[in-house]
Amino acid sequence: MDITNHEIEQLLKTAAEWAIAYRQALGEARQTPAIGYHEARARFDMPTPEGRTPARAVIDELATLAEDGLHAMAGPRFFGWVVGASHPVGVAADWLTSAWGQNAGDQHVAPAAAAAEQTAAGWLLDILDLPPESGVGFVTGATMANTVCLAAARGAVLDRAGWDVEVRGLFGAPPIRILIGEDAHTTVFSALRFLGFGSDQVSRVETDAAGRMRADAFAKAARAEDGPCIAIAQAGQINTGAFDPFAEISEAARGRGAWLHVDGAFGLWARASPARKGLTEGVERADSLAVDGHKWLQIPYDCGYAIVRDEEAHRRAMTITASYLPGRGPGERCPGDYVPELSRRARGFATWAMIRHLGRGGIAEMVERHCEIARRMAERLAAEPGIAVLNDIVLNQVIVRFGDDAVPEEGDRLTNSAIERIQQEAICFVGGAAWRGRRVMRISVISWPTTEDEAERSVAAIIDAWRTVRDG
Ligand SMILES: *Cc1c(COP(=O)(O)O)cnc(C)c1O
């Protein structure tokens with residue numbers, strides 16, 4: 001034994017102490033890292049270790065080296081990107097997941113991991129009110145969820161055209177038409193690239209001012225040609241939070257025999273809130289959906305779900321078989337049938353724990369609270385001279401512009417300066433984005449510790465920073 005039971009105890013308790021101290025200080029911590037990338041590089045950089053370092057000393061060293069380079073993304077005033085805040089219940093479940101060291105690929109080899117995942121999959125479909133027969137793959141995030149769903153889509157539409165892509169590959173296959181909104185998330189294009197769809201095969205559908213696909217433009221594009229077709233819609237536009245008109249889109253897609261995929265990385269969680277569910281009407285008719293666990297569900301990274309209504313198509317695209325694996329008996333769910341990886345961590349445990357902790361009601365309350373806070377922040381900011389809110393606050397996303405827009409370049413400059421100033425003050429974190437050719441500041445309200453008071457403190461910091469920039 002190169003590490004004794006006593007040392008294991010000391011080691012894991014040390015890690016817990018570091019984690020506890022970090023999380024307890026987070027509410028008052030400065031928002032951005034105290035040191036930048038280059039300094040962090042210099043601190044971690046050292047010659048390849050030749051010999052051993054005692055276990056506990058390694059963890060102390062790691063925590064000490066990392067400390068100044070950590071961004072308070074799990075804190076209450078992070079609005080930078082649409083990401084969750086690693087809820088302590090998820091963190092604790094994740095610790096156990098690592099300690100247990102289960103290879104989650106097979107239900108007989110790791111029964112508890114498979115069972116927790118299967119129950120969590122059922123809970124997800126229930127809370128999101130999606131067809132209970134759907135396949136659910138536990139992947140690393142929405143990028144991979146989109147990839148898995150679109151792989152299932154590719155196989156299914158080619159299968160209908162008499163082509164088995166799993167056996168024959170893509171060379172010589174009938175062309176597949178891809179319809180996608182102009183304001184789709186960039187990672188969907190990555191997924192399309194991974195799957196062998198070049199950019200020329202993609203038809204971009206016109207969107208409205210909020211970034212929603214126009215239903216008439218979609219229907220027209222769908223009618224334009226026949227043959228295999230995959231339509232990609234979106235629940236929650238990354239800047240505006242807007243939802244595509246799923247009812248109309250799903251009808252046109254069905255009329256055309258197209259597979260409808262929905263990227264709902266964060267927005268699909270609107271379905272968990274009775275007050276917001278209407279925004280997603282019609283999404284339940286989609287053939288596949290991608291949604292994240294590490295966004296609104298607050299699970300630690302990496303966690304996303306690929307949901308495919310036709311479970312057969314899902315498994316056809318992903319199944320791995322090998323002579324040394326036990327295989328799948330009747331009525332069994334093999335976790336490896338729904339994801340690209342063979343060996344992987346048991347992602348189901350953290351999802352099981354988070355849903356068990358929050359419950360349907362807790363998730364609804366959190367989504368609703370974030371939407372309400374976003375609305376209030378927008379209202380407060382818009383009341384300040386020189387600040388304009390550019391979107392309707394339908395969900396949790398706010399896009400903001402600073403300065404008088406008579407000269408757009410001047411507005412871009414002031415918006416950049418305001419963002420920079422806010423980041424320097426490090427009370428809260430907001431990022432920049434481009435929207436309709438202009439620079440904007442984006443606020444995403446999606447962290448579980450964000451309360452109205454924390455939002456108010458952040459709004460005050462944003463307004464202060466803006467006044468300094470304006471009067472400077
Ligand atoms: C975050 C996001 C993605 C990518 O998800 P990852 O979890 O970062 O891989 C895709 N689409 C939308 C709309 C997103 O918000």
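For the single chain, residues carry numbers from 1 onward in sequence order. All ligand and atom numbering here is 1-based and tracks the order in the structure. Quick caveat: nothing in here was measured; it's all calculated off a predicted structure.
- Note on ring orientation: taking the six-membered ring where Trp is involved, the planes of F429 and F78 are parallel (angle under 30°, cut-offs 30° and 60°).
- Not a single N or O atom of Q234, backbone or side chain, sits closer than 3.5 Å to an N or O atom of ligand 1.
- Looking at V188 against ligand 1, nothing comes within 4.0 Å, counting heavy atoms.
- Residues in residues 132-149 take part in these side-chain hydrogen bond (donor to acceptor under 3.5 Å, both in side chains) pairs, two or more places apart or across chains: N146-H261.
- A cation-pi arrangement, defined by a distance under 6.0 Å to the six-membered ring centre and an angle within 45 degrees of its axis, is absent between R177 and F197.
- Between R360 and E365 there is no salt bridge, since no side-chain N of the basic residue sits under 4.0 Å from a carboxylate O of the acidic one.
- Residues L158 and E166 have side chains not in contact (no heavy-atom distance under 4.5 Å, counting atoms from C-beta outward).
- For ligand 1, the atoms sitting less than 4.0 Å from at least one non-hydrogen atom of I238 are 15 (O), numbered in the order shown with element in parentheses.
- Remark: the backbone N or O of A247 is paired with a side-chain donor or acceptor of S250 at under 3.5 angstrom.
- A side-chain donor-acceptor contact under 3.5 Å links Q298 to the backbone of W448.
- In the vicinity of H294, heavy-atom distances shorter than 4.0 Å reach the ligand 1 atoms 7 (O).
- For Q237, the heavy-atom gap to ligand 1 stays at 4.0 angstrom or more.
- Distances below 4.0 Å separate heavy atoms of F266 from the following atoms of ligand 1: 15 (O).
- Every N/O-N/O distance between N146 and ligand 1 stays at or above 3.5 Å.
- Residue D292 has at least one heavy-atom neighbour below 4.0 Å for each of these atoms of ligand 1: 5 (O), 6 (P), 7 (O).
- Closest to atom 9 (O) of ligand 1 among all protein heavy atoms lies T143 OG1, 2.6 Å.
- The N/O atoms of G141, backbone and side chain alike, include none that comes under 3.5 Å of an N/O atom in ligand 1.
- For ligand 1 and A265, the ligand atoms under 4.0 Å from any heavy atom of the residue are 2 (C), 3 (C), 10 (C), 11 (N), 12 (C), 13 (C), 14 (C), 15 (O).
- If you check which protein heavy atom lies closest to atom 2 (C) of ligand 1, you get K295 NZ, 2.3 Å.
- Of the protein's non-hydrogen atoms, the one nearest atom 10 (C) of ligand 1 is T187 OG1, 3.1 Å.
- Side chains of I446 and K295 form a contact here, defined as non-hydrogen atoms less than 4.5 Å apart.
- Heavy atoms of M144 found under 4.0 angstrom from ligand 1: none, in either backbone or side chain.
- Residue contacts with ligand 1: D263 is included, with a non-hydrogen atom under 4.0 Å away.
- Side-chain atoms of R401 do not come within 3.5 Å of backbone N or O of T415 as any donor-acceptor pair.
- At a threshold of 4.0 Å, the pair E117-R344 counts as salt-bridged, since one of the basic side-chain nitrogens sits closer than that to a carboxylate oxygen.
- In this structure, the protein non-hydrogen atom closest to atom 6 (P) of ligand 1 is A142 N, 3.5 Å.
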